[in-house]
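Beneath this line is the structure, given in C-alpha cells, with notes to follow.
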Amino acid sequence: MNLLSKAVFRTVSTLTFCMLLLLLSITRPATAQKKLQPSDWKLAVQAWTFHVYTFAEALDKIDSAGVKYVEGFPNQEIGGGVEGKMDYRMDAGKRRRVQQLLRRKGIKMLSYGVVKPKTDSEWVQLFRFARAMDIRNIVSEPEEQQIPLISRLCDEYRINVAIHDHPRPSHYWNPDILLAAIKEASPRIGACADIGHWLRSGLDPVECMRKLEGHIIEFHMKDLNEKGVRKAHDLPWGTGISNLPAVMQEMKKQHFKGVVSIEYEYHWENNLPEVKASAAYFNKQKQALLK
C-alpha cells in the first residue's frame with residue numbers, strides 16, 4: 001500500500017469511527033436514563049391528615065407509621081410546648097423549635113401547603129420561610145396573575161411550587177387549565193397531583209397524569225370509595241377505586257422522582273390504622289415496581 005492509499009485508508013477509518021460515535025450518541029439517551037430507585041419515591045404524610053391534633057402529635061403518629069417525611073399544614077397548632085400555628089410568618093426562634101421537633105423524630109418536612117399568599121410581599125416571605133426550613137416544595141393554588149412572580153421566585157430560591165387541584169368548580173380542577181396557566185413559567189412550577197380530587201371531579205387519574213407528564217412535582221395520593229362524587233371518602237390504599245397499581249405504574253413510566261403524600265381525609269379521630277395500612281401498601285408496591 002503506497003503512502004496515498006494509507007492516507008485515504010486512515011481518513012476513511014477515522015470518518016467511520018466518528019459516524020459510529022454519532023450513531024451511539026443518538027441512540028443512547030433512550031436507554032441511558034438512570035434506573036429509578038425505591039428512595040426516589042419519598043412517602044410522606046400531609047399533616048392535614050392529623051389536623052385535629054397538634055403538629056407535634058402528628059409527628060408522633062407519622063413516626064409510628066414508619067414514615068419519615070411530612071408536608072406541613074399551615075393552620076395546624078404546633079404543640080410540643082411551642083405556641084402558635086405552622087404559619088410561614090413565624091419568627092426565626094419558632095422555626096428553630098419546629099426544626100427541633102422534626103429532628104427528635106427523624107422526620108424531614110419536604111413540602112408545605114396548601115398555602116395561598118395574597119400579596120407579592122407575602123410570597124417573598126413564604127419563600128424565605130421555605131428556604132430557612134429546607135423545604136423543597138410549596139403546595140399552593142395561586143391566582144393565575146401571580147404566576148410570573150412565583151416563577152421568578154422559584155428560580156431565585158431554587159424551590160418548587162406544586163399547584164394543587166381541588167374538585168371542580170375550584171380553578172385548577174382540570175389538568176388542561178393548569179397546563180395553560182404554567183405554559184410560560186419556570187419548570188419549577190408544576191402540579192401537585194391530587195388523585196382523589198381528580199376522581200371526585202369525575203376524571204381518570206392516569207389520563208390526568210399522562211397530560212401532565214414532565215410537570216408533576218408531587219402527589220397527594222388517595223384511594224376513594226366512589227368516583228364523580230364530591231363527598232366520596234378515603235379508604236386504605238389498595239381497597240378503593242383509584243386503581244393505584246396503574247397510577248404507580250404510570251409514575252414509573254414517567255420516571256417520577258419526588259414526594260408522594262398520604263392525605264387521608266376520613267375517620268379524623270382515629271385514622272392512624274388506615275394510614276399505616278396505606279403506607280405498608282405503598283412500600284410493598286414500590287419495592288415490587290422498582291426492584
Side-chain angles (χ1 to χ4, degrees), residues 42-55 58 62 69-78 84-90 98 108-119 122-131 133 135-147 149-151 153-154 157 159-175 177-178 181-182 185 188-201 203 205 208 212 215-222 224 230 232 234 258-266 268 271 275:
K42 300 190 184 304
L43 183 66
V45 173
Q46 220 298 350
W48 169 252
T49 299
F50 300 121
H51 74 278
V52 298
Y53 303 95
T54 67
F55 183 68
I62 293 167
Y69 302 102
V70 63
E71 180 178 319
F73 168 59
N75 205 37
Q76 189 168 28
E77 295 288 339
I78 299 172
K85 296 184 178 182
M86 288 290 293
D87 192 319
Y88 65 87
R89 302 171 187 86
M90 69 177 72
V98 171
K108 293 183 178 180
M109 186 162 63
L110 296 182
S111 301
Y112 179 81
V114 177
V115 59
K116 297 175 66 175
K118 294 181 180 179
T119 66
E122 286 178 342
W123 272 106
V124 172
Q125 191 173 8
L126 173 58
F127 271 85
R128 288 176 177 169
F129 167 78
R131 180 172 62 185
M133 298 296 289
I135 290 168
R136 297 183 185 181
N137 302 332
I138 295 167
V139 182
S140 182
E141 294 181 23
E143 301 295 331
E144 283 201 30
Q145 61 265 30
Q146 295 176 316
I147 288 178
L149 167 69
I150 298 167
S151 183
L153 292 172
C154 284
Y157 286 84
I159 293 170
N160 304 317
V161 167
I163 297 180
H164 179 261
D165 59 283
H166 270 108
R168 62 178 169 186
S170 71
H171 184 63
Y172 296 107
W173 71 275
N174 190 306
I177 298 169
L178 173 60
I182 65 173
R188 286 188 174 275
I189 299 182
C192 172
D194 193 309
I195 300 299
H197 290 333
W198 281 336
L199 279 169
R200 290 183 174 113
S201 296
L203 302 176
C208 291
L212 290 168
H215 298 285
I216 299 176
I217 290 173
E218 71 166 71
F219 286 86
H220 282 182
M221 200 74 82
K222 299 179 175 75
L224 300 187
R230 192 177 178 92
D234 287 82
V259 177
V260 180
S261 285
I262 299 172
E263 188 176 44
Y264 206 90
E265 301 176 306
Y266 197 52
W268 297 111
N271 57 12
V275 170

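What you see is a predicted model; the values in this text were computed from it and never measured. Values below: all heavy atoms of this structure, side chains included; hydrogens, waters and symmetry mates excluded.
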Requested in this report: Start with the C-alpha gap between Tyr112 and Val139, add the side-chain angles, then the distance that decides, and say whether side chain to side chain contact (heavy atoms under 4.5 Å, CB included) holds.
Outcome: CA-CA 6 Å; Tyr112 179 81; Val139 182; over 6 Å; no
Between [X] (side chain) and [Y] (backbone), is there a donor-acceptor pair under 3.5 Å?
X: Gln146; Y: Pro142; value: no
X: Ser140; Y: Val115; value: yes
X: Asp234; Y: Glu265; value: yes
X: Gln76; Y: Tyr53; value: yes
X: Asp87; Y: Met90; value: no

Report yes if some heavy atom in the side chain of [X] is under 4.5 Å from a heavy atom in the side chain of [Y]; otherwise report no.
X: Ile195; Y: Phe219; answer: yes
X: Ile262; Y: Gln46; answer: no
X: Met133; Y: Val98; answer: yes
X: Leu178; Y: Asp165; answer: no

Query raised in the report: Are His220 and Glu263 close enough that a side-chain donor and a side-chain acceptor fall under 3.5 Å?
Result: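 Their side chains do contain a donor-acceptor pair, which is all the 3.5 Å distance test asks for.
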How long is the gap from [atom1] on [X] to [atom2] on [Y], to the nearest 0.5 Å?
X: Lys42; Y: Ser261; atom1: NZ; atom2: OG; answer: 12.5 Å
X: Tyr69; Y: Leu43; atom1: OH; atom2: CG; answer: 10.0 Å
X: Phe50; Y: Tyr264; atom1: CZ; atom2: OH; answer: 11.0 Å
X: Ile138; Y: His164; atom1: CD1; atom2: NE2; answer: 15.5 Å
X: Ile163; Y: Asp194; atom1: CD1; atom2: CG; answer: 14.0 Å

Query - Counterpart residues, side-chain hydrogen bond (donor to acceptor under 3.5 Å, both in side chains), relative to Glu218 (two or more places apart) - result: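 Residues passing side-chain hydrogen bond (donor to acceptor under 3.5 Å, both in side chains) with Glu218: Ser111, Asn137.
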**Report entry** side-chain hydrogen bond (donor to acceptor under 3.5 Å, both in side chains) against Tyr88, all qualifying residues, sequence neighbours excluded
**Finding:**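 Applying side-chain hydrogen bond (donor to acceptor under 3.5 Å, both in side chains) to Tyr88 gives none.
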**Report entry** Trace of the ring-ring contact (aromatic ring centres under 6.0 Å, His included) decision for His171 with His166
**Finding:** CA-CA 8 Å; His171 184 63; His166 270 108; over 10 Å; no
Query raised in the report: Is there a side chain to side chain contact (heavy atoms under 4.5 Å, CB included) between Met109 and Met86 once you walk through the steps?
Result: CA-CA 12 Å; Met109 186 162 63; Met86 288 290 293; 3.8 Å; yes
If you compare all heavy atoms of [X] against all heavy atoms of [Y], which two are closest, and at what distance to 0.1 Å?
X: Val70; Y: Ala44; value: N-CB, 4.0 Å
X: Gly113; Y: Pro74; value: O-CD, 3.4 Å
X: Tyr172; Y: Glu143; value: OH-C, 4.1 Å
X: Thr54; Y: Ile78; value: CB-O, 3.6 Å
X: Arg230; Y: Pro169; value: NH1-CD, 3.9 Å
X: Gly190; Y: Ile217; value: N-CD1, 3.2 Å

Tell me, please, which residues at least two apart from [X] pass side chain to side chain contact (heavy atoms under 4.5 Å, CB included).
X: Ala185; value: Ile147, Ser151, Ile182, Ile189
X: Ser201; value: Pro167, Arg168, Trp173, Leu203
X: Arg188; value: Cys154, Asp155, Arg158, Asn160, Ser186

Give every donor-acceptor pair under 3.5 Å between a side-chain atom in residues 123-131 and any protein atom, sequence neighbours left out.
unit_1	atom_1	unit_2	atom_2	d
Trp123	NE1	Pro117	O	3.4

Query raised in the report: For Ile135 and Leu110, what are the C-alpha separation, side-chain angles and deciding distance, and is it a side chain to side chain contact (heavy atoms under 4.5 Å, CB included)?
Result: CA-CA 5 Å; Ile135 290 168; Leu110 296 182; over 6 Å; no
Query - Salt bridge present between Arg89 and Glu122 (N-O < 4.0 angstrom) - result: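 Looking at Arg89 and Glu122, the cut-off is met.
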Report task. Report the C-alpha distance between His51 and Trp268 in whole Å, list the side-chain angles of each, state the deciding distance to 0.1 Å, and finish with yes or no for side chain to side chain contact (heavy atoms under 4.5 Å, CB included). Result -> CA-CA 8 Å; His51 74 278; Trp268 297 111; 3.4 Å; yes
